[in-house]
Chemist: 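Could you have a look at this structure, given as structure tokens, before my questions?
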Amino acid sequence: MVAGRTVCLRQLSRGNRALEVRFHRFLGHDKVTAERIIESWSESTVAAVEGRHVLAIQDTSEIHFNTTPQRRRGLGEIGKGNNHGVLLHPLLAVDADDGSCLGLLSGQIWTRKGRRTVSHDDRELSDKESQRWISTAVAARPLLTKAAAVTVLGDRESDIFALYANSAEQHFHVIARSMHDRKLADRSSLYEASDAMAAVDRRTIQLPARAARSARLAHLELRFDAIELARPQSKFLHHLPKSLPLAVVDVREINAGTGVEPLHWRLLTSHEVTSVEDAWRIVQWYKQRWIIEQFFRILKTQGLKLEDSQIGSADRLLKLVAIAAKAAVITIQLLQARNGGRQPILVAFDNSQIDALTALNQQLEAGSKRLKNPHPPSSLAWAAWIIGRLGGWDGYPSSKPPGPITFKNGLEYFHAVAAGWSLRVMCMP
Ligand SMILES: [Mn+2]
């Protein structure tokens, strides 16, 4: 999937009907379950997190599949109920200091059954879909025992009191963006309190482009302080502490252009924040959340085109999503491997593809005496160097590293060459 940039089983089989049948048999096998595939996500992550401060970043994405009233493919509703598909909620491990993608930890993949009739507030937390934020973080704990520190990180959807109460202990921390104005222990409100904090610093940061906005420089004003967050008044939360000591870091954009919605993040964290530097560090960590958005983009239309899958049953689609998630993470690791790194080449390429890469590397190196692939052949970085060159990157250490488009072009070219390579073996034994 990584090398072929698709989840389409027919395309992956490259006309080999027997192989396509084997793929379908694998997905259809009752011993192959989405849960078991999700468990396997973390096999290489556990070693990668050792000794690091890990940002455990979680988010949910809806994956839309085409259906008709006659052919629902067993899929429940997503969005406002006008579409059908699957929900994916992964927890991604990222190095807090250098931003390198360490792999997937835990997660959930599901499709909804029927409609909710009980109102949100009357349901117990365990019954709500929002329980996924807590159970996913808890499931990752045993995988993170060798990390130096862990910060569970999420957007406004993860503004959940029980998550703060569950995530903050020993070397585990939490950062979430506030969604609700909450009561503090002294009965004042969180937003009143943060508005009353003195602005202590200003800084300009580069905001990457999103679907709804283009990239821009944002001038930010910083506020922070310790707070004591009161437990919400819900009969389902009585087992949790009456209040939690947290810090709020408030960054808001000043002088935003006309027609631009000013950025305003109120970040709640269990990390100690006692200086301006501490507070900016929390903002810096929160900014790393973009990598999980990149992960979802790679999975969907811009990358593996998961939504184009024609597989007819929900059961098999859930398994396909679980496999594709791993492929999307390896794609990010391949992109990052242009800067070196320790991932082995076998996470993304099989032996026949490595043979093709070896031949291509020889050809590339023969083109210029001074330009040699600087990475060991067993590493993903070695493959990334070749793929970047195939996509048009000149390979000089002094020039800009290859970007995602260059990699996309390089992978497409490589995919065609690798297909030809396997024919060559077949036709000229
Ligand atoms: Mn979200």
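One-based numbering, in listed order, for ligands and for the atoms of each. All values below come from the heavy atoms of this structure, side chains included, with hydrogens, waters and symmetry mates left out.
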Chemist: Would you name the N/O/S atom of E157 that lies closest to the Mn ion (ligand 1)?
Modeler: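 Answer by atom name: OE1.
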Chemist: In D59, what N, O or S atom is nearest to the Mn ion (ligand 1), if we give its atom name?
Modeler: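 The atom in question is OD1.
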Chemist: Does the Lys NZ or Arg CZ of R177 fall within the cation-pi geometry relative to Y286 - under 6.0 Å from the ring centre and within 45° of the axis?
Modeler: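 No, R177 does not sit over the ring of Y286.
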Chemist: Search all heavy atoms of N66 against all heavy atoms of R73 and return the closest pair with its distance.
Modeler: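 Minimum heavy-atom separation between N66 and R73: O-NH1, 2.8 Å.
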Chemist: To make sure I understand the geometry: which N, O or S atom in D155 is closest to the Mn ion (ligand 1)?
Modeler: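 Closest to the Mn ion (ligand 1) among those atoms: OD2.
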Chemist: Report the C-alpha separation of Q58 and V152 in whole Å, then their side-chain angles, then the decisive distance to 0.1 Å, and conclude whether the side chain to side chain contact (heavy atoms under 4.5 Å, CB included) test is met.
Modeler: CA-CA 8 Å; Q58 53 180 336; V152 174; 3.5 Å; yes
Chemist: Tell me whether the centres of the aromatic rings in F349 and F414 are closer together than 6.0 Å.
Modeler: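 Yes, they do, as the ring centres are separated by less than 6.0 Å.
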